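All ligand and atom numbering here is 1-based and tracks the order in the structure. Only heavy atoms go into these numbers, but all of them, side chains included; no hydrogens, no water, no symmetry mates. Just so you know, residue 1 is the first one in the sequence shown, and it goes up from there. Computed from a predicted structure; not experimentally measured.
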Amino acid sequence: MEGNSKNKKNYPVFIITALLLVVLYNTFVIPAVKKTDIKETDYSFFLEQADNGVVSKAEIGESSIIFEINDKSGKKQRYSTARLDDGQLVDRLHKNGTVDFTGSIDKKNPASEFILSWIFPILLIILLWYLLTKGVNKRMNGIGNAMSFGKSNAKIYVKAQTGKTFEDVAGQDEAKESLEEIVDFLHDPEKYAEIGAALPKGALLVGPPGTGKTLLAQAVAGEADVPFFSISGSEFVEMFVGMGAAKVRDLFRQANEKAPCIVFIDEIDTIGKKREGNTGSSDEREQTLNQLLTEMDGFDGKKGVVILAATNRPESLDPALLRPGRFDRRIPAELPDMTGREAILKVHAKKIKADSNIDFKTIARATAGASGAELANIINEAALRAVRNGRKTVIQSDLEESVEVVIAGYQRKNAVISPKEKEIIAYHEIGHALVAAVQKDAAPVHKITIIPRTSGALGYTMQIDEGEKFLMTKEEALARITVLTGGRSAEELIFGTCTSGASNDIEKATQLARAMVTRFGMSESFDMIALETENDRYLGGNTSLICSTETAAGIDDEVNRLVKKCHEKAAEILTEKIDKLRELAGFLLEKETVSGEEFMNILERQPSHTGNENKIF
Ligand code: ADP
Ligand code: MG
Ligand code: ZN
């Protein structure tokens with residue numbers, strides 16, 4: 001579409017160029033071709049030659065004569081001269097032996113002359129033009145072509161095209177409220193103008209990956225009855241400096257033409273990163289960002305162009321982008337809480353055939369920390385499992401299994417593990433579970449399994465908190481580290497050795513203990529001092545130290561002390577419950593998967609030799 005309207009605009013230019021070319025062709029090319037070997041002379045020279053009898057050929061036209069002379073060396077030379085009214089000319093030529101003379105040239109066919117010098121070149125130019133533009137259009141539709149540099153490539157969505165509405169987004173109520181206001185403003189700007197309220201020019205959706213930022217923007221497109229331009233930040237990054245800036249300009253030009261409208265820039269951090277002093281490396285990005293800043297200042301907010309952007313690295317954005325008048329509104333898209341997860345599961349369950357009595361609350365409880373995308377994936381995995389098992393509807397156990405698939409990968413049913421190793425794994429997992437069950441600050445055990453998973457886990461213990469947790473107390477943190485060390489403790493206690501199977505536990509325990517010391521102020525040697533900062537909170541949180549090297553050594557000592565204390569405590573608990581440890585490990589070895597309920601039943605059961613005594617009471 002874009003290409004066609006461009007061509008129409010260019011028609012006058014095309015016609016003028018074509019005419020100019022034809023005129024040039026006629027004034028220079030045609031005469032040059034015709035004249036190549038013809039010399040102009042005067043009439044008297046012609047008569048002289050004719051009298052000498054060397055004219056071998058003469059074409060006599062109405063106003064000119066072209067004749068040929070055979071000179072002495074035998075070469076032929078053509079001349080032209082004006083024709084005078086000479087009655088004896090024919091006689092004279094005849095007498096002097098001119099071989100042939102005709103009366104044709106000036107009476108060139110005027111039609112063929114016209115076609116040759118005007119129609120033919122015009123047709124040729126049109127043909128060329130057609131071929132060229134066709135090629136260009138084709139390439140413009142392709143991606144990343146030289147001809148499309150500087151064009152924004154923004155996709156325009158209108159209502160029907162995304163097919164998404166706010167109904168499709170669950171659990172992001174605050175975000176939806178903010179965006180609904182923007183949609184409302186675009187529908188009825190007067191309502192806001194009356195009070196004198198100005199809506200923000202830009203709103204920034206921030207949150208971890210998979211929380212529905214892109215989905216929210218698509219829903220806005222579905223809700224708003226206005227054009228919706230969507231482009232990803234990476235599309236601005238071009239090979240050549242300056243092209244990204246040109247794209248930004250083009251995007252805003254289009255948006256201004258179509259106002260009121262919404263412009264959505266996904267993954268804005270690719271162009272919006274903080275500008276740095278050291279130049280050279282990122283010229284292109286910087287120019288693009290500068291252009292974006294300029295454009296955002298330049299357009300009139302009242303006209304109704306609203307810019308949405310999404311990112312999961314808000315702290316890396318250039319402060320200039322975040323100042324009032326630009327992206328001054330921040331719309332958080334956080335990981336969903338329990339009710340949010342339940343709602344998201346239900347939204348996605350509508351797309352599949354599910355049993356009517358599925359308990360989504362249980363699934364929501366088991367998926368603390370999962371993002372919307374992961375929950376959508378869980379529903380899909382459940383549907384796949386139902387098909388695999390030859391069922392027509394999805395049932396509860398499909399969902400429960402798929403939670404584990406998403407957390408730990410598929411079961412590796414045919415993995416060969418020696419009985420000895422299997423035993424170690426069973427003790428390891430029961431070690432975790434026992435330590436968890438005994439401590440009151442640890443989350444209850446939900447499930448223990450020693451079926452290996454494709455993620456590499458040889459077994460795992462699932463713990464599920466009863467309610468939603470937003471804070472973690474020091475006791476809870478310590479309890480969690482203790483649970484993590486429980487696996488290794490069991491190996492040491494029973495087999496007197498340790499295995500590499502605890503590597504993941506060690507990693508997690510260290511991470512938590514470190515966070516306690518450096519960020520939560522939960523250690524004995526440091527007070528409320530920030531020793532580390534978190535860099536990408538929404539992307540798993542890399543941290544960097546902000547303390548002296550001596551303090552860093554102190555941190556390591558403190559972390560080690562914390563974990564050691566927990567490890568000792570776990571060993572203590574297990575030594576005390578060593579009978580239960582053996583009993584439960586045996587049970588797990590036999591069943592491979594044990595539910596939290598079965599586990600607690602065995603744990604709380606009195607030892608069998610006292611069973612008879614129990615009956616007395
Ligand atoms: P991001 O925040 O990384 O842009 P997306 O918007 O691309 O995440 O989300 C990916 C997918 O996850 C969506 O297409 C949708 O299926 C699902 N999803 C994420 N959040 C939600 C939500 N709040 N409600 C319903 N589905 C969601
Ligand atoms: Mg996204
Ligand atoms: Zn473990």
(request) Using non-hydrogen atoms of the residue, decide whether Asp266 is closer than 4.0 angstrom to ligand 1. (result) no
(request) Compute the minimum heavy-atom distance from Ala170 to ligand 1 and say whether it is under 4.0 Å. (result) yes
(message) Suppose I only count heavy atoms of Asp168 and a 4.0 Å limit; which atoms of ligand 1 are within that range?
(response) 24 (N), 25 (C)
(message) Could you check whether any heavy atom of His348 sits closer than 4.0 Å to an atom of ligand 1, since that is the contact criterion I want to use?
(response) yes
(message) Under 2.8 Å from the Zn ion (ligand 3), is there any N, O or S atom belonging to Asp505?
(response) yes
(request) Check each atom of ligand 1 against the heavy atoms of Ala373 and keep those under 4.0 Å away; list them by number with element. (result) 10 (C), 12 (O), 17 (C), 18 (N), 19 (C)
(message) Looking at Asp328 and Lys201, is any side-chain nitrogen of the basic one under 4.0 Å from a carboxylate oxygen of the acidic one?
(response) no
(message) For ligand 1 and Leu215, I'd like to know whether there is a polar contact (N/O to N/O, distance under 3.5 Å).
(response) yes
(request) Compare Lys213, Glu374, Lys346, Lys176 and give the one whose heavy atom is closest to atom 2 (O) of ligand 1. (result) Lys213
(request) Using non-hydrogen atoms of the residue, decide whether Pro209 is closer than 4.0 angstrom to ligand 1. (result) yes
(message) Need the ligand 1 atom indices (1-based, order shown) with element for anything under 4.0 Å from a heavy-atom of Thr211.
(response) 2 (O), 8 (O), 19 (C), 20 (N)
(message) Closer than 4.0 angstrom, basic N to acidic O: yes or no for Arg561 and Glu558?
(response) yes
(request) Output the list of atoms in ligand 1 that are nearer than 4.0 Å to some heavy atom of Val169, sorted by atom number. (result) 23 (N), 24 (N)
(message) Strictly below 4.0 Å, N to O, side chains only: are Lys580 and Glu583 in salt-bridge contact?
(response) yes
(message) Once you restrict to heavy atoms under 4.0 Å, what part of Ile344 touches ligand 1? Side chain, backbone, both or neither.
(response) side chain
(message) With nothing but distance in play, are any N or O atoms of Lys351 less than 3.5 Å from an N or O of ligand 1?
(response) no
(request) Could you grab the distance from atom CD1 of Ile182 to atom CD1 of Ile331, nearest 0.5 Å is fine? (result) 5.0 Å
(message) For the 3.5 Å polar cut-off, considering only N or O atoms, please tell me whether Gly210 and ligand 1 meet it.
(response) yes
(request) Could you say whether the N/O atoms of Gln172 and ligand 1 ever approach to under 3.5 Å? (result) no
(message) Geometry only, no angles: is Gly212 polar-contacting ligand 1 at N/O separations under 3.5 Å?
(response) yes
